[in-house]
Protein chains: 2
Amino acid sequence: MNNVDWKLLKEIADLEKTPMGAYNIRKNGRLDGRSNTAHIVIDTKTDKSGIDIHIAPGTKNESVHIPVIITETGLNDLVYNDFYVGADCDVDIIAGCGIHNSGCETSQHDGVHTFHVGKNAKVRYVEKHYGEGEGTGERIMNPQTIVYLEEGASIHMETTQIRGIDSTKRYTKIVVGAGGEGVITEKLLTHGRQTAESEMDIVLAGEDASGRVISRSVAQDESRQVFYPRMIGEARCFGHVQCDSILMGNAKIKSIPAIAAESPDAQLIHEAAIGRIAGDQILKLMTLGLTEEEAEEKILDGFLQ
Amino acid sequence: MNNVDWKLLKEIADLEKTPMGAYNIRKNGRLDGRSNTAHIVIDTKTDKSGIDIHIAPGTKNESVHIPVIITETGLNDLVYNDFYVGADCDVDIIAGCGIHNSGCETSQHDGVHTFHVGKNAKVRYVEKHYGEGEGTGERIMNPQTIVYLEEGASIHMETTQIRGIDSTKRYTKIVVGAGGEGVITEKLLTHGRQTAESEMDIVLAGEDASGRVISRSVAQDESRQVFYPRMIGEARCFGHVQCDSILMGNAKIKSIPAIAAESPDAQLIHEAAIGRIAGDQILKLMTLGLTEEEAEEKILDGFLQ
């Protein structure tokens with residue numbers, strides 16, 4: 001682990017030293033460090049690249065860190081991580097990927113994460129994507145997250161891509177069982193000529209399932225974003241999708257949501273707004289002594305924090 | 001014109017006698033009556049079925065009625081109507097189609113309406129679709145409406161399908177020029193095994209164009225509805241799409257909108273909600289002495305009026 005590695009780990013997982021609890025650090029497509037606990041066991045997959053994470057039923061107040069860092073240019077890393085979270089757990093899972101590309105070839109990480117969350121278990125899943133490096137090589141990340149929630153289980157997923165990813169295609173699917181809850185908070189900022197596409201399927205499959213998507217995005221410069229959040233109500237359920245996007249420069253944003261009531265007892269709401277920062281918001285901050293740029297930055301910080 | 005004809009005309013165009021001003025009444029695929037005015041001239045198309053309606057520039061406070069009624073079972077009527085509305089007009093256009101099907105064969109009307117609305121002209125366009133008849137034959141209507149608004153021009157389109165249409169596929173497109181305004185208010189009620197699909201493209205093409213879609217629908221029994229309202233901002237513009245749907249019985253509703261900011265100065269908002277009538281709304285009306293059915297009816301009336 002060198003300085004570049006630690007900088008990436010700090011950005012994506014807020015780590016300044018080896019984490020407490022269970023962890024698995026992957027660097028340039030290879031295992032760099034692993035720790036298990038009494039309740040959390042991480043195994044290397046034997047049939048393909050990736051790991052299985054088994055969390056024993058009833059495990060509470062424990063965390064798993066599984067950051068991935070890439071510092072080689074031209075590396076294409078595809079990994080499958082499967083999480084088996086036992087009943088009645090209450091755990092934090094911190095994933096994330098950082099790419100430092102100082103070369104001229106594309107560095108790419110595609111992570112396919114599948115969660116099987118047992119009865120009444122609670123998972124908080126945090127995932128950050130970050131890219132940097134003075135090279136001309138592209139930094140690409142295509143995360144796929146599939147979640148199955150059993151009765152009464154919940155996941156709160158916080159996903160953030162703030163800077164440096166040239167191209168991303170994100171796919172998230174959550175199937176919510178009876179009385180379960182799936183919440184996704186997505187924050188996305190693109191700049192330069194970056195492109196981002198985010199597709200989601202939230203299936204409210206069981207009675208009294210609930211789902212919520214809060215998506216906040218900023219598109220700067222010449223960047224492009226497309227969103228496809230879909231919420232399907234198959235039972236008595238409540239679902240809410242809320243997407244807010246800020247346009248800057250010559251950016252373009254499209255939002256193509258879908259809400260589908262397959263059950264007459266489904267209640268579904270969708271809201272989306274796309275637009276520039278209101279001029280009077282900027283003016284107000286400028287009268288307090290900020291420059292126009294500082295005012296804009298202040299507003300974006302508040303919007304994405 | 002017999003009693004059945006007049007009942008249909010009353011339902012779709014609120015007519016109890018031959019209308020004032022310009023009109024063209026089509027019955028069972030044939031012209032049944034026409035009147036021009038000094039400013040409004042209706043011509044039969046020579047290349048295909050339908051009419052051309054020319055409204056002279058500056059025509060104000062005049063109306064055109066162009067109702068279509070079908071009382072023959074097994075009739076399939078396809079018509080193309082083109083409207084040329086001159087600059088600075090302020091006119092009402094009342095279309096609509098009523099089908100009385102007492103036979104066992106399908107009766108169908110497909111109307112393709114195209115509007116060319118000149119500079120600063122204002123059009124109010126009202127369109128009602130209604131079906132009845134004791135026959136087992138289906139009643140089908142597939143209206144298509146294409147509108148081109150020049151600079152400063154506006155259209156307020158009110159479209160209603162309240163009962164009796166077994167299957168409908170609606171398509172509406174409005175291209176809004178600089179400073180123009182396109183407003184669509186759509187009301188739709190389906191029951192039994194009816195299906196309804198409504199697709200819209202609102203293109204905000206010119207600077208300071210604005211667009212608004214207000215869609216209210218009720219799906220009862222085993223009926224199915226799908227909505228595809230799309231709003232595209234190609235310039236500095238403001239667009240708002242608002243869809244509210246009430247589910248009853250075993251009905252299903254899907255809403256798949258799209259908002260696309262192709263210009264960084266576009267401001268677009270979408271809201272959609274699907275759900276049953278809130279139980280406490282019904283309870284409140286029941287404590288005022290209404291039965292449950294009366295309470296439900298009262299709420300639907302308010303929602304769709």
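Quick note on labels: first sequence line is chain A, next is B, and so on, each numbered from 1.
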Quiz item: Using a cut-off of under 4.5 Å for heavy-atom pairs, which of A:Gly275, A:Ala260, A:Pro257 has the most such pairs with chain B?
Solution: A:Pro257
Can you list the donor-acceptor atom pairs spanning chain B and chain A that come in under 3.5 angstrom?
unit_1, atom_1, unit_2, atom_2, d
B:Ile253, N, A:Ala261, O, 3.4
B:Ile253, O, A:Ala261, N, 2.8
B:Ser255, N, A:Ile259, O, 2.8
B:Ser255, O, A:Ile259, N, 2.9
B:Ile259, N, A:Ser255, O, 2.9
B:Ile259, O, A:Ser255, N, 2.8
B:Ala261, N, A:Ile253, O, 2.8
B:Ala261, O, A:Ile253, N, 3.4
B:Pro264, O, A:Arg276, NE, 3.4
B:Asp265, OD1, A:Arg276, NE, 2.6
B:Asp265, OD1, A:Arg276, NH2, 3.4
B:Leu268, N, A:Ile274, O, 2.8
B:Leu268, O, A:Ile274, N, 2.8
B:His270, N, A:Ala272, O, 2.7
B:His270, O, A:Ala272, N, 2.8
B:His270, ND1, A:His270, ND1, 2.9
B:Ala272, N, A:His270, O, 2.8
B:Ala272, O, A:His270, N, 2.7
B:Ile274, N, A:Leu268, O, 2.8
B:Ile274, O, A:Leu268, N, 2.8
B:Arg276, NE, A:Pro264, O, 3.3
B:Arg276, NE, A:Asp265, OD1, 2.6
B:Arg276, NH2, A:Asp265, OD1, 3.4

Practice problem: Could I get the full list of side chain to side chain contact (heavy atoms under 4.5 Å, CB included) partners for A:Ala121, not counting sequence neighbours? | Solution: A:Val85, A:Cys89, A:Val117
Exercise. Answer with side chain, backbone, both or neither: which region of A:Ala266 has an atom nearer than 4.5 Å to a non-hydrogen atom of chain B?
Key: backbone
Quiz item: What's the spacing between A:Ile274 CD1 and B:Leu268 CG if we round to 0.5 Å?
Solution: 5.5 Å
Self-check item: Structural part of B:Ala272 lying under 4.5 Å from a heavy atom of chain A
Solution: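 It is both, since atoms from each part get that close.
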Quiz item: Which heavy atom in B:Ile259 sits nearest to a heavy atom in A:Ala273, and how many Å separate them?
Solution: CD1-N, 4.5 Å
Quiz item: So, for A:Leu247 and B:Pro264, which heavy atoms are closest and what is the spacing to 0.1 Å?
Solution: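 Where A:Leu247 meets B:Pro264 most closely, the heavy atoms are CD1-O, 3.7 Å.
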